[in-house]
Structure formats: structure tokens, C-alpha cells
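All remarks here apply to the structure that follows.
Just follow the structure's listing: the first ligand is 1, and inside any ligand the first atom is 1.
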Amino acid sequence: MANQVEAAGATTAVPAARTGCPVTGYGRSGGHPPPPGVADERRPEPVDPAAAEEFLHQVYAETEPETPLAERLRQVRAEIDRSGTYRHTAHELVFGARVAWRNSARCIGRLYWQSLQVRDLRHLHDPADVAQECVAHLRAATRDGKIRSTMTVFAPDAPGRPGPRIRNDQLVRYAGHRAADGSVIGDPGQADFTDRVAGLGWPRPQPPGRFDVLPLLITGGDGRSRLFDVPPDAVHEVPLRHPDHAWFARLGLRWHAVPAISNMPLEIGGVVYPAAPFNGWYLDTEIGARNLADRDRYDLLPEIADRLGLDTRSERTMWRDRALVELVRAVTYSFDADGVTMADHHTESERFLRHLAREEAAGRSCPTDWSWIVPPMSGAQTPVFHRYYDEPDPALRPAFLAPPREW
Ligand code: ARG
């Protein structure tokens, strides 16, 4: 077995055994024992019965399960008494996952919350199985460009048996390779993570590129972490070009089709699913006005402004603003031309207000974080800018949680 990598703990490097075989498949099985004393152990708490009950009441208030509520409450209480946790029915899992999306105060795309497809893989604990199903998730969600909102749920935390965790913040991310002079080739936002996986034995592509897909770093319930490649044919990418400027394509820019967040634990009725990657589809500005434009990301505006012939000597020429519009146009144009689902900030803002109205009609509050919902360009040109919202409530459940710092 070539290029196996196995490590204990988040930051512990174990030299990889390399035999010169292609990297695909390293970490599949076997590997080095973890160095002593560094196991990355977690001790999940028993489920709070009150959280379980509150969730079940919500399930029965909004949907009509077959089992009567009183009976289901008895089952769940008994299961928690016995084992410290309980198993959601498939119906509860899907409902909980969808409501966690509905509760996501930073998401502008929540109109579609009921369409989330849930892949129930709660029986999977082993990092190799998790990796394989993350890849299958990407294929199922991509559908040749007709992106479908999808979540894959792996084993939950249970007392005495933590679930697996995905350490990447998204299933697909581009490496940030730090050069000797401090500059970064690729995505500077991933430079720390790239150093980490390289330290664990990831063989960086040679020469390092600007769009090298990072491997998955997955920690099993035993605290041992392993690396797995994401096969290129599971990563749909769009080469970026501009409707009016032929030179734009020659910049060699690209972006992947599926944004799949992978490090936010999902909490439903007191049960925590530490690995529950989920995706929607991209909004034009996420790529064009942030990932490729932010000064601490790809920082492409100076180069694009230059090619556009703009005067970059003074901020007052608004060269940044003008270059930004053309970059976002190129992103939207390229995704459209390739038939890959992409939202635009004007349309999605209107849809979000429709969602808000629907939630209000259903008698629910819709927690919303203004600073995340208002697009990073042309804010006041979109209707979401011109109003206030219900404050996000950190105690609201079901929810996607911020990854705990100690992870
Ligand atoms: N902003 C993140 C990115 O650019 C993706 C976050 C999720 N976005 C989405 N449309 N579901 O990669």
C-alpha cells in the first residue's frame, strides 16, 4: 500500500511511507501507529433529555409522523436512560437537517430549505468510508452541473464513542502553497491547512499550482487522522472567461462548482453529528467578489484592472469597483455557459425576502445576520439591504454549530 498516512491528533506529523505510486488511495488502510501521548480524544456527553423532547415536540407540531408523540417520547426517554443517547428516525433526521438550514442566520438561500436531500450514512465511522462517501456526495450533488442541495450524515457522537470528523472546512478547497518569500501560490485562506496536510505527508503537486484540490483530512472516533485524495473527476470545475474580453480566459482562472461545508457539527434534538457535510450552489459574489477578490484571498483586482487599462494609481478612479464588476460578470457568464447552477445576488435577495414573508406567514421568526445576507457588492441595490431582521439566537436548534476551537 503506497503513501499511507496516519496520524494521531490534529497537528501531529507522521512521516508518510512513499513508494512512488500515484497519490490516489494513500491512507486507504494500514499506516503508521500514532506516536504515543497525542491521541485527539473527545468525550461526548450524554444527550440532554430536555433537548430531545423539545425537538420531538417541534417535529410533531410541524409534521405528522406515524408513531403517536406520547409513545415516541417514551421510547426516546427510555433509550437515553439506557444508553445516554437515542437514534433519530429517518423522518426526524431529514426534518432536523432541513430545519438546521432554515435556522442558518447567515444563509441567503433558505427559500429552498425543504428541498435538501439527506444521505443517511449514520452507520459509517471509519475515516476511509467517510472519505469515500464524501466523494460520492460531491458526485450526487453535482449532477453534471444541475446542483442539488445535499447533506450526508455520518455517525453521531455517543457517550464513549465519538463520531468521525472532517477537518477540511469544505470538501473542495484549493491549496495555498507558501513560498520562501512569504507569498502564497493558490488560496491564501487555505495556507495553514495546506501546511498541516503537507506536514502529515500530502505530496504537494509539483510544481505547486494555483488550483490544486486539497486532500480530505478525516479523524476517526479513535482520534486518529488520515488523508484521502479527492479524485479529479469528482470535482466539477468551471474555467473562467469573460463575455467581452478574450484575454480574461488566458488568466487561467477557474472555480469549483459545489460549495460543500464540511466542518460544522449538526445538532438535532441534543444529538451531535460532527460530520454532516452539506452543500447548496454558489452565489456569483461568493466567488467573484470574495474568493478571487479579497486582498487576503486571490487578490486579483489589481491584475484585472491593469488588463482593463484602468488607472490604478488612485483609489478615486474606482478601479477596484470597476474591476470587481467585470470579475463577477466573468464568473456568472462562465457558470451559465457551462450549465452549472449559480445564483446571482439580485435574484437571490428577492427570493430571500419571499422566504422571510413565508416564514412570517407560518408564524415563525427568521433569524438573520444582516452583515452576511447583504451581498459584498452593490448592497443597496438589493432589497435585503434596506431593512432589519430578527436577531440570530445562538440557542436555536436544530442548528449547524461553529466547529469548536479545540478541534
Ligand atoms: N462562501 C463559501 C465559498 O465561497 C461558500 C459558503 C456556502 N455557500 C453556498 N452558496 N452554499 O466557498
Side-chain angles (χ1 to χ4, degrees), residues 97-98 100-113 115-118 134 137-138 140-143 145-152 166 168-176 186-191 193-194 210-214 216 230 235-238 240 253-264 266 276-300 324 327-328 330-332 334-335 340-349 351-352 355 368-369 371-377 382 384 399-403:
R98 290 178 177 167
W101 182 5
R102 188 176 85 196
N103 286 340
S104 298
R106 295 173 165 183
C107 178
I108 195 174
R110 285 179 277 168
L111 180 64
Y112 317 101
W113 66 274
S115 72
L116 180 69
Q117 300 297 306
V118 177
C134 286
H137 175 131
L138 286 173
T142 305
R143 290 200 306 168
K146 309 268 167 294
I147 313 282
R148 182 150 63 186
S149 301
T150 304
M151 175 191 291
T152 301
I166 302 164
N168 310 56
D169 63 358
Q170 289 190 30
L171 297 182
V172 180
R173 281 295 205 192
Y174 296 124
D187 189 348
Q190 295 295 319
F193 186 78
T194 304
R210 293 164 97 189
F211 300 98
D212 297 334
V213 173
L214 284 161
L216 295 170
V230 180
V235 182
H236 196 108
E237 293 180 286
V238 177
L240 302 182
L253 306 176
R254 56 205 293 121
W255 206 259
H256 55 92
V258 177
I261 294 185
S262 48
N263 66 348
M264 296 180 82
L266 166 66
F278 59 92
N279 74 277
W281 51 81
Y282 263 117
L283 184 61
D284 55 356
T285 49
E286 296 185 271
I287 300 171
R290 300 296 311 276
N291 300 347
L292 295 176
D294 276 7
R295 296 188 204 196
D296 58 359
R297 300 290 299 283
Y298 279 80
D299 192 21
L300 286 166
L324 185 69
L327 178 51
V328 176
V331 168
T332 314
S334 309
F335 271 63
V340 175
T341 312
M342 165 160 280
D344 72 83
H345 50 297
H346 299 288
T347 310
E348 218 55 46
S349 295
R351 290 190 184 147
F352 181 70
H355 169 67
T368 298
D369 185 336
S371 71
W372 278 66
I373 296 297
V374 171
M377 70 186 285
T382 67
V384 292
F400 300 110
L401 311 179

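Between Phe278 and Phe400, the ring planes lie parallel to each other; the angle is under 30°, not in the 30° to 60° tilted range. Between Phe211 and Trp255, the angle of the ring planes goes over 60°, which puts this pair in the perpendicular group of the 30/60° scheme.
Within the listing of ligand 1, atoms 9 (C), 10 (N), 11 (N) sit less than 4.0 angstrom from a heavy atom of Trp281. Each of the atoms 3 (C), 4 (O), 10 (N), 12 (O) of ligand 1 lies under 4.0 Å from some heavy atom of Tyr282.
Counting only heavy atoms of the protein, atom 5 (C) of ligand 1 lies nearest to Glu286 OE2, 3.1 Å. The protein atom (non-hydrogen) at minimum distance from atom 4 (O) of ligand 1 is Asn291 ND2, 2.8 Å.
Taking OG1 of Thr368 as the start and CZ of Arg106 as the end, the distance is 12.5 Å to the nearest 0.5 Å. Distance check, rounded to the nearest 0.5 Å: CD1 of Ile166 to CD1 of Ile261 gives 12.0 Å.
At least one N/O-N/O distance between Gln170 and ligand 1 falls below 3.5 Å.
Ligand 1 has at least one atom lying under 4.0 Å from a heavy atom of Arg173.
Considering every non-hydrogen atom in both Leu171 and Leu216, the closest pair reads O-CD2, 3.8 Å.
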